[in-house]
K.L.:
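Supplied in structure tokens, the structure appears directly below.
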Amino acid sequence: MTIRKIAAALAAIALLLPAVRADEGMWLPMLISQRIEHMHEKGFTLGAEDIYSINQASLKDAVVLFGGGCTGEVVSPEGLLFTNHHCGYGQIQKHSSVEHDYLRDGFWALSREEELPNPGLSVKFLEYMQDVTAEVSSASDGQAAIDSLVTAAETAGKGLSASVEEFYYGNQYFLFVYKEFTDVRLVGAPPSSIGKFGGDTDNWMWPRHTGDFSIFRIYAGPDNEPAEYSEDNVPYRPKKYFRISTAGVQEGDFTFIYGFPGSTREYVTSDEVRYIGEISDPAKIALRTMRLEIMKKYMDSSQDLRIRYSSKYASVSNAWKKWQGEAGGIERNGTVAEKEAYEAGFAGWAAGTRYDGLLDRLDSLYKVLEPLNFAREYTYETALTVELPGFATAYCNAAEEDREELASDFYKDWWLPLDKECFIAVMGAYAENVPEKFRPAYFDSSMVRYGSIPAWADAVFGGDLSKGELTDAADDPAYAFRKAFADHYNNVLLPEYRRINGEITALYKDYMRGQMEFEPDKAFYPDANLTLRVAYGNVAGYAPADGVWYKPVSTLNGIMEKDNPDIFDYDVPQKLRELYATGLYDDVPVCFIATNHTSGGNSGSPVIDADGNLIGLNFDRVWEGTMSDIAFDPAFCRNICLDIRYLLFVMDKVCGAGALLNELEFAE
Ligand code: ARG
Ligand code: GLU
């Protein structure tokens, strides 16, 4: 190549960069018209009104907030709903026992009567959203204004719930009005050896082969409106449901994720990023490593304990692994130094403006917050994770009529020796790492009284509650333990944390506005806050390390490569082995990755193609990219999706639930 050719090639690469960068962002559906041109450039063929509309049925009417922490999508005129296996996991587990182990074997309702109700589970559709910044900011009492907006919205119809959420640290407010359905029944789930294939070993990783789906159905009253569970309820008839495309995906294809990301912090200072990457994440990782090792030891020893603790283990391990990717990504990308350089530029620009000195004020407040926040987080990850004391308080606080069920749920899934061993481990770490001024007096007096943490554990786990006798729960040593730490957390650490954090947030409100003025040409998107968002991008592989390129799609071949009956996470179900052996299904697609900016809460989100059809279910991110909650890096940030064709294959060929497919509608 001549020098000129090289220069031209480099220039072409440089031109590509901004386009890639633009995949960052979680956009508000109501404002999607501001992005639609860009979406069209990337291949989307529908209009903004097809995504979000208050005048006609639009895709938003087929997306739900599932159970308060996941996303789901309606896929049939009879209220059938897809979400992830890990989102329905708690429900599947609740219906399971050693005799009917639906986690292990899967579950399929072969008729409507067999669909299983799930008290406490609900799904919410977004009816509409509305910018209420003017109403809230001009009111003399902002909270009162919010309350009255919420009440007015909620009383306008049946099953409506509303909230006003803050955006850009209070620079903007939106009202969200949801329709909430509480009769949601379990229809089907594959065995965990498919729905959780790869388990915690593969979690947050690519290449991935997890069939992470479960199926529910929304029921409504005869008027099609939300209704409490009743045998007379009927399948909900949605305003909109997704059509499914089985055309398949390739590198470069347009993808769009519609769902409820929970929380991101993209605009914080370098100090906060340093705290997360170098202090908070490593400390929490170490604590959870101890708990996970203890749980694993017991779970490996018996099938009963494996069932009891599977859901708990998965949730402890999930953030544990994510934090490892996050801390690693922050370090790899030099995010702290990058933010420092940005801040230097901002401070220079801000000189003489109303933002002058803002970063210094943030900095000095942050120095006060950090040790306090560390103690708060550490307490939360130690004393407040011990199960029996947590149950003791919940039991005493519960209404009389709810107590029996609470107790039976708790004891069903609890194991004393495991809990006690975790107590000893985490409280030992607490003693070492939380300075006296942040500890409750109860801690130090107990150490004097019992002499050691194991002796203290004998006391906490030696009362009637530990034997399942509930007569004097409030006098139990487990109750006293929890109460002392919870009171200290709630009445000392948290209020002080909130007070200082409130001052920081007030400054962040200015800093946010400052950043927008500093970079007037940049398209800003608000941090995630569990409100409905659109993220769009393309199917794309990536290079996790020097000399390595990951392709963007995985297939059944990869499942068989991992197959190993001796490793729990990789034990492929016999039925799948047999299907594979026919040689007909080698290339069945399983998962794919794309550049969509997603976060926790986007699990179960519909993955939508250029024509608005459903092509997959979002369920994870690659761990080299989990720092996207703080800084999105287009080279490493990929979301992981289940290919819809694998879902259909598993239902039909592996689980024999093909009859349900008749309800679905396919795009030609
Ligand atoms: N990492 C995914 C998420 O954050 C999946 C978690 C569930 N799976 C698991 N193996 N723990 O929710
Ligand atoms: N599995 C995550 C969830 O439950 C989604 C993965 C992510 O954090 O992006 O929402």
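In listed order, ligands and their atoms are each counted from 1.
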K.L.:
Do the numbers put K124 on top of the ring of Y178, so that NZ or CZ is under 6.0 Å from the six-membered ring centre and no more than 45° off the axis?
P.N.:
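Relative to the ring axis of Y178, which defines the angle, K124 lies inside both limits.
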K.L.:
Indicate, as side chain, backbone, both or neither, the part of S603 found under 4.0 angstrom from ligand 1 when only non-hydrogen atoms are considered.
P.N.:
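Only the side chain of S603 comes within reach of ligand 1.
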K.L.:
For atom 5 (C) of ligand 1, which protein heavy atom lies nearest, and how many Å away is it?
P.N.:
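Minimum-distance protein heavy atom for atom 5 (C) of ligand 1 reads N203 OD1, 3.4 Å.
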K.L.:
State the atoms of ligand 1, each with its element, that fall below the 4.0 Å cut-off from a heavy-atom position in W204.
P.N.:
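Near W204, the atoms of ligand 1 are 1 (N), 4 (O).
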K.L.:
Tell me if the aromatic rings of F216 and F66 count as close, with their centers under 6.0 Å from one another.
P.N.:
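Aromatic pair counts; centres sit under 6.0 Å.
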K.L.:
Can you find an N/O atom of H86 closer than 3.5 Å to an N/O atom of ligand 1?
P.N.:
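Looking only at distances, the answer is yes, because the N/O contact criterion of under 3.5 Å is met.
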K.L.:
Considering only heavy atoms of K196, which atoms of ligand 1 have at least one such atom less than 4.0 Å away?
P.N.:
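Listed by number with element, the hits are 10 (N).
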K.L.:
Counting only heavy atoms not in Q303, do more than 12 fall under 6.0 Å of its CD?
P.N.:
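Buried by this count: over 12 neighbours within 6.0 Å.
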K.L.:
So, do Y525 and H597 have ring centers that fall under 6.0 Å from each other?
P.N.:
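Under 6.0 Å, so yes.
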K.L.:
To which protein heavy atom is atom 11 (N) of ligand 1 closest, and what is the distance rounded to 0.1 Å?
P.N.:
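The closest heavy atom on the protein side is D200 OD1, 2.9 Å.
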K.L.:
Which parts of the protein, at residue level, reach under 4.0 Å of ligand 2 through a heavy atom?
P.N.:
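Under the 4.0 Å cut-off, ligand 2 touches H86, W204, T598, S599, G600, G601, N602, S603, F619, D620, R621.
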K.L.:
Taking only non-hydrogen atoms of G199, do any sit less than 4.0 angstrom from ligand 1?
P.N.:
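Per 4.0 Å heavy-atom rule, G199 contacts ligand 1.
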K.L.:
Please identify each residue that fulfils salt bridge (Lys or Arg N to Asp or Glu O under 4.0 Å) with D304, with sequence neighbours left out.
P.N.:
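Testing D304 for salt bridge (Lys or Arg N to Asp or Glu O under 4.0 Å), a comparison that skips the adjacent residues, returns R308.
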K.L.:
Touching ligand 1 at all, F619? Heavy atoms, strictly under 4.0 Å?
P.N.:
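Per 4.0 Å heavy-atom rule, F619 contacts ligand 1.
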K.L.:
Under 30°, 30 to 60°, or over 60°: which ring-plane class applies to Y570 and F197, parallel, tilted or perpendicular?
P.N.:
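Ring orientation, 0 to 90° scale: tilted.
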K.L.:
Would you kindly specify which portion of K322 sits under 4.0 Å from ligand 1, judged on non-hydrogen atoms: side chain, backbone, both or neither?
P.N.:
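For K322, no heavy atom sits under 4.0 Å from ligand 1.
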K.L.:
Sulfur to sulfur, is the gap between C591 and C641 shorter than 2.5 Å?
P.N.:
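Cystine link not detected, SG atoms outside the 2.5 Å cut.
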K.L.:
Could you tell me how the ring of F213 sits relative to the ring of W108: parallel (under 30°), tilted (30 to 60°) or perpendicular (over 60°)?
P.N.:
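Because their plane-to-plane angle lies in the 30° to 60° range, the rings of F213 and W108 count as tilted.
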K.L.:
Tell me, please, whether F568 has R306 positioned over its six-membered ring: NZ or CZ under 6.0 Å from the ring centre and within 45 degrees of its axis?
P.N.:
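Yes, R306 sits over the ring of F568.
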K.L.:
Taking the six-membered ring of F254 (Phe, Tyr or Trp), confirm whether the NZ or CZ of K42 is under 6.0 Å from its centre and within 45° of its axis.
P.N.:
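Verdict for F254: no cation-pi partner in K42.
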K.L.:
Among all protein heavy atoms, pick the one closest to atom 3 (C) of ligand 1 and tell me residue, atom and distance.
P.N.:
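Answer, as residue, atom name and distance: N318 ND2, 3.4 Å.
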K.L.:
Any chance the rings of Y536 and F256 have centres within less than 6.0 Å?
P.N.:
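Distance test on ring centres: not under 6.0 Å, no.
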K.L.:
Which label fits F649 and Y646: parallel for a plane angle under 30°, tilted from 30 to 60°, or perpendicular past 60°?
P.N.:
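Parallel: the ring planes of F649 and Y646 meet at under 30°.
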K.L.:
Which of these, D620, T210, T626, N602, has its nearest heavy atom closest to atom 2 (C) of ligand 1?
P.N.:
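The option holding the nearest heavy atom is D620.
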K.L.:
Near A314, which atoms of ligand 1 are under 4.0 Å from a heavy atom of that residue?
P.N.:
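Near A314, meaning under 4.0 Å from one of its heavy atoms, ligand 1 has 11 (N).
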